[in-house]
Amino acid sequence: MNMKSLHVAVAAGAALGLVTAPASAELITDWDFNGSLEWVTDGGGAPTFTSGDGGGGTSVSSSLLSWGAADDDNFIDDDGNFINVDANASNSRSALEIGDTSFSGSLQTNGAAQDTAEVTHFNNAILSSYPLLQSASLLSSLTLTQAAPPGDGSFDDDRTFPIFFTETLNQDSCFEGSASNCDDIFLLGGDPSDLQESFEVDGWLYTVSIVAAGLGTLNDEACDEAGAGPGCFGFMTEEDQATTAQFQLQVSATQVPAPGALGLLGVGLLGMGLAAARRR
């Protein structure tokens, strides 16, 4: 190898060494998680209902919202769970019930989504003169704790998700995409990106995502039926059915470039440039 080639080789080797020298810690592969999901029962996020000029009633707790016919005793048991009564519209209620307000489990980074909480909509025919749910808020709490490899990585998050609900008329002509006459519509307030949150631990960027089957962007007719603009985000439930939304949690990760890596690359390339200049 001649002297000019040696200069270039040394400079190139220095540049490569400078860029690759910084190293990130190990990827956190396993997490333990625990959390809760509850309805907000008072304050600004409390449920709202139509006036219900034709009588009827409502019930609100951290795990159950119900509306329709009067007399809670017919629809709520001693443990506060919903009783789904098969009755005509004048003697029926609809409800939204959280199965278990607390949840826990484990999951792997870049692995399969794991079950957390579930919310069931008991979609029954009720009189439009009864009070009807309009809006509500879900209070979510989540903690992730590093399980493997051993370490102290963690993530804590508390947030409120506003929900807007449309109780549709039961008629033959429904909006596009309705599987029954007619599906009710839930819209998630805010932005769909609120269902994701990222945090960094030792050179790795972890993204926590909340997902659920059927939750996504609705068609324009469904959005219009719900009084929202195009691209609204939510899900629909069939009339005369109990539909459960199983929420799940997943974590993905990507490596973050080492701090100053690009600057170090510039220094290395500058060294190569100086070596080349000396040859001239």
Side-chain angles (χ1 to χ4, degrees), residues 10-38 98-119 137-163 188-217 231 233-235 245-272:
V10 170
L16 181 60
L18 285 169
V19 173
T20 58
S24 295
E26 282 186 275
L27 171 73
I28 301 174
T29 58
D30 295 82
W31 302 86
D32 293 326
F33 67 85
N34 63 80
S36 62
L37 187 69
E38 299 181 346
I98 301 173
D100 286 309
T101 56
S102 298
F103 56 84
S104 62
S106 59
L107 77 166
Q108 293 185 320
T109 301
N110 297 325
Q114 299 298 312
D115 292 349
T116 55
E118 61 179 33
V119 180
S137 297
L138 283 166
L139 177 62
S140 169
S141 177
L142 175 66
T143 297
L144 288 174
T145 305
Q146 180 175 346
D152 57 2
S154 64
F155 170 78
D156 290 285
D157 184 74
D158 295 286
R159 64 184 60 198
T160 301
F161 297 99
I163 304 294
L188 178 68
D191 191 274
S193 63
D194 293 338
L195 295 172
Q196 290 187 330
E197 187 66 35
S198 296
F199 62 101
E200 186 176 339
V201 179
D202 294 335
W204 290 89
L205 184 67
Y206 298 89
T207 299
V208 181
S209 301
I210 300 172
V211 297
L215 180 64
T217 301
F233 192 84
F235 61 93
Q246 176 64 67
F247 290 93
Q248 295 183 307
L249 179 70
Q250 59 186 170
V251 176
S252 60
T254 56
Q255 196 165 16
V256 178
L262 294 179
L264 291 171
L265 175 60
V267 172
L269 293 176
L270 176 61
M272 292 176 65

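These numbers come from the heavy atoms of this one structure, side chains and all, not from hydrogens, waters or symmetry mates. From a predicted model like this one, the values you see are computed outputs, not experimental measurements.
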For residues [X] and [Y], report the shortest heavy-atom separation together with the two atoms involved.
| X | Y | value |
| --- | --- | --- |
| I28 | G153 | CD1-CA, 4.3 Å |
| A117 | D100 | CB-O, 4.2 Å |
| S252 | T109 | C-CG2, 4.2 Å |
| F103 | S36 | CE2-N, 3.4 Å |
| T145 | T143 | OG1-CG2, 4.0 Å |
| W204 | A25 | NE1-O, 2.7 Å |

At what distance, to the nearest 0.5 angstrom, does [atom1] of [X] lie from [atom2] of [Y]?
| X | Y | atom1 | atom2 | value |
| --- | --- | --- | --- | --- |
| T254 | L205 | OG1 | CG | 4.5 Å |
| D156 | E197 | CG | CD | 12.0 Å |
| I163 | L188 | CD1 | CG | 5.0 Å |
| Q146 | T29 | CD | OG1 | 8.0 Å |
| Q250 | I210 | CD | CD1 | 10.5 Å |

Find out whether [X] and [Y] are in side-chain contact, i.e. whether some heavy atom of one side chain is under 4.5 Å from a heavy atom of the other.
| X | Y | result |
| --- | --- | --- |
| L142 | F155 | yes |
| V251 | F33 | no |
| L144 | L107 | yes |

**Message:** Looking at N110 and A253, would you say the former's side chain and the latter's main chain have a donor-acceptor pair under 3.5 Å?
**Reply:** yes

**Request:** Taking atom types as modelled, find out whether S209 and Q196 have a side-chain donor-acceptor pair closer than 3.5 angstrom.
**Result:** yes

**Request:** Establish, from distance only, whether the side-chain atoms of T207 and S198 form a donor-acceptor pair under 3.5 Å.
**Result:** yes

**Message:** Using a 6.0 Å cut-off, check whether atom CG of D152 has over 12 heavy atoms from anything other than its own residue.
**Reply:** no

**Prompt:** For the residue pair W31 and Y206, does the interplanar ring angle fall in the parallel (under 30°), tilted (30 to 60°) or perpendicular (over 60°) class?
**Reply:** perpendicular

**Prompt:** Going through the distances and angles, do F233 and L195 end up as a side-chain contact (heavy atoms from CB on, under 4.5 Å)?
**Reply:** CA-CA 11 Å; F233 192 84; L195 295 172; 3.7 Å; yes

**Chi angles and distances behind the side-chain contact (heavy atoms from CB on, under 4.5 Å) call for D194, F161** = CA-CA 8 Å; D194 293 338; F161 297 99; 4.3 Å; yes

